[in-house]
Amino acid sequence: MRSVPAERGVAFDHLSGDRVDLIGLDRAGMVTLFESIGEKRFRALQLLKWVHQRRVHDFHAMTDLAKPLRARLAALCRVDLPRVEAEELSTDGTRKWLLRLADGNAVETVFIPEAKRGTLCVSSQAGCAMGCAFCATAAATTAAAARVVRNLTTAEIAGQIHIAVQRLPAAAVTNVVFMGMGEPLLNLNAVVTASRIFTDDDAFGLSKRRVTISTSGVVPALERLRHLTDVSLAVSLHAPDNALRDRLVPLNRKYPLERLLPACHDYIRDKHPRRITWEYVMLDGVNDSDDHARRLAKRLRDIPSKVNLIPFNPYPGAAFRCSPDSRIRRFADILAERGMTATVRASRGGDIGGACGQLVGRLQGEEDGSRCGGRKEGMAVAAR
Ligand code: SAH
Ligand code: SF4
């Protein structure tokens with residue numbers, strides 16, 4: 001795999017008076033910073049470890065850096081995390097944090113503990129412009145006409161793991177999924193750089209297999225992604241054909257299945273034995289028939305795949321209902337009979353707002369009547 005620094009060419013603006021937020025720098029970013037201020041490159045590794053591995057954010061406590069360098073860094077750089085506005089803990093151990101960003105936007109981060117792993121669900125944008133028919137983030141973005149969707153910075157994405165790790169037992173976070181608010185592939189550089197911070201052994205040290213980018217199918221960005229990273233990929237499919245997917249995921253009108261599926265296949269082609277996780281939200285009477293299941297299996301036949309069936313998470317004003325459990329099980333069985341791995345996502349954190357996004361909705365609902373999210377209850381559990 002060719003590795004290209006995602007933010008190569010970022011000019012550090014230390015002369016303008018804006019201090020660089022070190023939370024947003026991966027290894028390459030730290031090197032660029034040190035070179036740009038005329039310091040030795042190897043210092044970058046020391047700083048990477050202090051900031052992301054030891055999570056010491058006071059320059060004066062960085063004892064293996066000479067005192068004048070510490071003072072210089074304190075003058076040129078900063079270490080800022082989003083403000084935690086609310087924290088909720090579910091009876092099942094799921095935790096959610098509502099984070100307030102410097103410009104007043106709010107995003108959510110959710111931690112889902114399971115027996116053998118702990119998954120952190122991070123946001124990549126404030127809001128989402130993709131307009132999927134069943135998604136509360138989309139509904140909220142449309143309702144809040146004044147609220148502009150914006151990309152989170154690398155620091156705002158990486159800040160989410162810092163906040164979680166500070167508040168959880170050591171080594172609790174084993175997986176990160178980009179399944180919070182936003183479309184990660186519309187914020188490619190920041191998402192890739194944040195992924196490098198998650199996976200660098202001198203930072204958070206997570207396995208690449210345990211970091212998953214979830215996308216609604218931004219094909220050109222997907223084609224670039226495979227040259228930038230080899231983290232895991234989840235694709236929000238939700239339909240076996242274009243006619244239905246056009247309705248559920250409007251982006252499909254721009255990048256139909258004939259383009260999306262080969263781009264996904266290409267992503268894993270040189271990453272054997274990896275496979276794509278297809279997300280498929282179960283909508284009662286819409287995409288959940290036996291015929292849909294059979295056609296889905298046929299469509300994905302040649303791609304190493306796992307299908308993750310997600311019970312639809314309702315929210316006020318939603319136009320859909322979740323398929324009955326028996327229908328979800330039957331759908332999974334049909335896929336399994338055709339040799340596909342099919343799992344059903346477990347519901348988690350129901351008592352604290354159901355899923356990622358609802359906390360933002362609850363706290364902001366009074367402001368603009370919006371409701372965000374309504375999903376992301378953790379990773380798959382076996383259907384049968
Ligand atoms: N924008 C990206 C990642 C965030 S959404 C994407 O669409 O993939 C993460 C997952 O939650 C997606 O699979 C999305 O389709 C699903 N989702 C959105 N709204 C949902 C709802 N109300 N119930 C269940 N899943 C939902
Ligand atoms: Fe955006 Fe994903 Fe929601 Fe679609 S499902 S509107 S891409 S967050």
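Both ligands and their constituent atoms are indexed starting at 1 by order of listing. Here the structure is a predicted model, which is why all the values come from computation and not from measurement.
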May I ask you to list the atoms of ligand 1 that are less than 4.0 angstrom from any heavy atom of [X]?
X: Thr215; answer: 6 (C), 8 (O)
X: Pro311; answer: 24 (C)
X: Cys135; answer: 18 (C), 19 (N)
X: Gly180; answer: 4 (C)
X: Phe178; answer: 3 (C)
X: Phe134; answer: 15 (O), 17 (N), 18 (C), 19 (N), 20 (C), 21 (C), 22 (N)
X: Glu279; answer: 10 (C), 12 (C), 13 (O)

| If you group Ile, Leu, Val, Met, Phe, Trp and Tyr by side-chain heavy-atom gaps below 4.5 Å, do Ile276 and Val231 land in one group? |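 Linked, Ile276 and Val231 end up in one cluster.
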Is it true that [X] and [Y] have a side-chain N and a carboxylate O under 4.0 angstrom from each other?
X: Arg27; Y: Asp200; value: yes
X: Lys116; Y: Glu114; value: no
X: Arg150; Y: Asp103; value: yes

| query | How far apart are the C-alpha atoms of Ser90 and Asp92, what are their side-chain angles, what is the distance that settles it, and do they pass the side chain to side chain donor-acceptor pair (under 3.5 Å) test? | reply | CA-CA 5 Å; Ser90 162; Asp92 68 14; 2.8 Å; yes
| N or O pair under 3.5 Å between Gly182 and ligand 1 | yes
| Is the closest N or O pair between Tyr315 and ligand 1 shorter than 3.5 Å? | no
| Has Ala234 got any heavy atom lying under 4.0 angstrom from an atom of ligand 1? |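 No, that is not the case, since the closest heavy atom of the residue is not under 4.0 Å from the ligand.
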| message | When you measure from atom 4 (Fe) of ligand 2 to the N, O or S atoms of Cys132, does any of those distances fall below 2.8 Å? | response | yes
| Got a sec, which pairs hit ring-ring contact (aromatic ring centres under 6.0 Å, His included) with one end in residues 53-86, sequence neighbours left out? |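 Pairs touching residues 53-86 that pass the test: His57-His162.
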| query | Where the closest heavy atom to atom 7 (O) of ligand 1 is concerned, which of Ser236, Cys322, Ala136 has it? | reply |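 Among Ser236, Cys322, Ala136, the closest heavy atom to atom 7 (O) of ligand 1 comes from Ser236.
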| remark: Nearest heavy atom to atom 14 (C) of ligand 1, choosing from Met282, Met179, Arg345, His238, belongs to His238
| Which is it for Cys135 and ligand 2 at heavy atoms under 4.0 Å: side chain, backbone, both or neither? | side chain
